[in-house]
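Keep in mind that what you see is a predicted model, and the values were worked out from it rather than measured. Values below: every heavy atom of this structure, side chains too, minus hydrogens, waters and symmetry copies.
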Amino acid sequence: MKKNLLIYGLSATSLFLNAQTSTEKTLETIENHEQAFQFIKQNSKHNNKLNGKILTFNEEKHKTRLTQALFQLEKGDVTSERDEYEKTLYKIIDKTKTPYYRLSYIVLDGSQYSMESIDELRNTLIESYKKGTSFSTLANQYSMDDNAQRGGDTGWFTSNSPYADLEMAILNHAHGLDDIFTVNVPAKNKYYVAIQTHEPRELSEIKVLRIVEPIK
């Protein structure tokens, strides 16, 4: 299904519906990521003027007018925009909802502390937090990675992120909002104190095949 993308107006850019080109007809046959990848691969060999790319957007990180309009489309939809020199086509190849998590943490390096020292320090940190010291202050002072500068805040993350070990702790132990807990990852020499700062939420994600081709 081909839809007109009703988004912002730019003087040099107009969005349109018109007779389908051969590229648009081909796009309508693409149903998944693998087919999109093969389409880009094949066309890069035979048509160096056609620029194709697969993009992933989620509604929390990507809030431009364009992406907001793309999120309104359904899987399989094709839409387009053009300016004086080129036409850009967008095909929604996947649309899902993915659980995201957000917490703050303090990480201690097991290669620099003994396990006894780590346990003692973590107990001290937990007691300080319970007595009213803000977690961000403790993280800024004690956490042993670059995230300390952000008060230990992870931002929103999902599976296969650098925080996957913390995600599993939330899922496996049913930690709730504002719970403070510890996580040990001895294989990586990482020992955490963490607090769940936000309830998990589901965010929409889309994979988009974007094709840019010159206007003849």
Side-chain angles (χ1 to χ4, degrees), residues 1-8 10 13-83 85-103 147 154-172 185 188 198-216:
M1 180 179 179
K2 184 172 185 295
K3 289 188 177 181
N4 189 20
L5 187 56
L6 298 176
I7 57 176
Y8 56 98
L10 296 176
T13 304
S14 61
L15 304 177
F16 69 104
L17 266 174
N18 62 359
Q20 286 184 310
T21 65
S22 60
T23 302
E24 290 171 305
K25 291 178 181 178
T26 302
L27 284 183
E28 291 195 347
T29 68
I30 295 174
E31 297 181 352
N32 54 51
H33 185 279
E34 179 59 29
Q35 291 176 355
F37 176 78
Q38 291 301 324
F39 173 80
I40 294 172
K41 184 178 180 181
Q42 292 170 6
N43 279 275
S44 65
K45 293 180 179 179
H46 305 295
N47 183 2
N48 56 17
K49 294 183 179 180
L50 188 150
N51 181 9
K53 193 171 184 178
I54 299 173
L55 305 173
T56 301
F57 302 112
N58 84 52
E59 62 181 340
E60 178 67 25
K61 294 181 180 179
H62 307 100
K63 296 183 178 181
T64 66
R65 293 180 182 176
L66 171 61
T67 55
Q68 287 176 353
L70 291 174
F71 272 110
Q72 296 177 20
L73 304 180
E74 299 298 329
K75 180 179 178 180
D77 286 349
V78 178
T79 191
S80 58
E81 62 179 349
R82 68 180 294 166
D83 61 23
Y85 304 104
E86 62 188 19
K87 180 163 78 172
T88 304
L89 299 161
Y90 303 93
K91 166 88 176 192
I92 310 299
I93 57 176
D94 200 10
K95 188 172 185 178
T96 59
K97 282 190 175 291
T98 303
Y100 275 75
Y101 308 89
R102 188 169 182 175
L103 48 80
N147 207 37
T154 61
W156 290 103
F157 69 91
T158 189
S159 300
N160 301 319
S161 76
Y163 309 118
D165 295 317
L166 298 176
E167 174 198 359
M168 292 308 298
I170 293 173
L171 295 177
N172 292 341
V185 190
K188 300 178 182 178
H198 295 71
E199 292 285 7
R201 61 186 292 194
E202 285 194 334
L203 298 177
S204 293
E205 289 188 342
I206 52 175
K207 290 187 183 296
V208 180
L209 172 58
R210 184 189 67 189
I211 301 295
V212 181
E213 56 183 0
I215 295 175
K216 298 179 181 179

Asks: Indicate yes or no: at least one non-hydrogen side-chain atom of Thr29 is less than 4.5 angstrom from one of Gln35.
Replies: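 Side-chain contact under 4.5 Å: no.
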
Asks: Just checking Arg102: does its CZ atom have more than 12 heavy atoms from other residues, nucleotides or ligands closer to it than 6.0 angstrom?
Replies: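 Atom CZ in Arg102 is packed in, count exceeds 12.
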
Asks: With a 4.5 Å heavy-atom cut-off, do Leu27 and Phe39 have their side chains touching?
Replies: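 Yes, side chains in contact.
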
Asks: When rounded to the nearest 0.5 angstrom, what distance separates CZ in Arg82 from CG in Leu89?
Replies: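 If I round to the nearest 0.5 Å, the distance is 10.5 Å.
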
Asks: How long is the straight-line distance from CD of Glu86 back to CG of Asn51, given to the nearest 0.5 Å?
Replies: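 Answer for the CG-CD pair, Asn51 versus Glu86, is 8.5 Å.
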
Asks: Verify the neighbour count for atom CZ of Phe157: are there more than 12 heavy atoms of other residues, nucleotides or ligands below 6.0 Å?
Replies: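 More than 12 heavy atoms, drawn from other residues, nucleotides or ligands, come within 6.0 Å of this atom.
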
Asks: Is the shortest heavy-atom distance from the side chain of Asn58 to the side chain of Trp156 under 4.5 Å?
Replies: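 They are not in side-chain contact.
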
Asks: So, Thr158 side chain and Pro99 main chain: donor-acceptor pair closer than 3.5 Å or not?
Replies: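 Between the backbone of Pro99 and the side chain of Thr158 there is a qualifying donor-acceptor contact (under 3.5 Å).
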
Asks: Do you know which two heavy atoms are closest between Ala36 and Leu209, and how far apart they sit?
Replies: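 Looking at all heavy atoms of both residues, the closest pair is CB-CD2, 4.0 Å.
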
Asks: In Å and rounded to the nearest 0.5 Å, what is the CG to CD1 distance from Asp77 to Ile92?
Replies: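 The CG atom of Asp77 sits 7.0 Å away from the CD1 atom of Ile92.
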
Asks: In the structure I gave you, are the side-chain heavy atoms of Val208 and Thr67 within less than 4.5 Å of one another anywhere?
Replies: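 No, their side chains stay 4.5 Å or more apart.
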
Asks: For the residue pair Ile93 and Lys75, what are the closest heavy atoms and their distance?
Replies: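 That closest heavy-atom pairing would be O-CE, 3.3 Å.
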
Asks: Side chains of Arg210 and Thr88, heavy atoms from C-beta outward: is any pair under 4.5 Å?
Replies: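 Result yes, sub-4.5 Å side-chain heavy-atom pair found.
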
Asks: Less than 4.5 Å apart, any side-chain heavy atom of Leu70 and any of Thr79?
Replies: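 Sidechains of Thr79 and Leu70: in contact.
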
Asks: Looking only at heavy atoms, which two atoms of Gln68 and Lys63 are closest? And how far apart?
Replies: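 Heavy atoms of Gln68 and Lys63 come nearest at NE2-O, 3.3 Å.
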
Asks: Taking the side chain as C-beta and beyond, is there a heavy-atom pair between Leu73 and Tyr90 under 4.5 Å?
Replies: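 No, side chains not in contact.
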
Asks: Measuring only between side-chain heavy atoms, which start at C-beta, is Asp94 closer than 4.5 Å to His33?
Replies: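 In short, these two side chains do not touch, never coming nearer than 4.5 Å.
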
Asks: Parallel, tilted or perpendicular: which describes the rings of Phe57 and His62, with under 30° parallel and over 60° perpendicular?
Replies: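 Because their plane-to-plane angle is over 60°, the rings of Phe57 and His62 count as perpendicular.
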
Asks: Report the C-alpha separation of Glu34 and Gln38 in whole Å, then their side-chain angles, then the decisive distance to 0.1 Å, and conclude whether the side chain to side chain donor-acceptor pair (under 3.5 Å) test is met.
Replies: CA-CA 6 Å; Glu34 179 59 29; Gln38 291 301 324; 2.9 Å; yes

Asks: Calculate, to the nearest 0.5 Å, the distance between atoms NZ and CD belonging to Lys97 and Glu59 respectively.
Replies: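 So the gap between those two atoms works out to 5.5 Å.
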
Asks: Look up atom CD in Glu205 and atom CZ in Phe71, then write down how far apart they are to the nearest 0.5 Å.
Replies: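 Answer for the CD-CZ pair, Glu205 versus Phe71, is 7.5 Å.
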
Asks: Distance check, rounded to the nearest 0.5 Å: Lys207 atom NZ versus Ile54 atom CD1?
Replies: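 Taking NZ in Lys207 and CD1 in Ile54, the distance rounds to 8.0 Å.
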
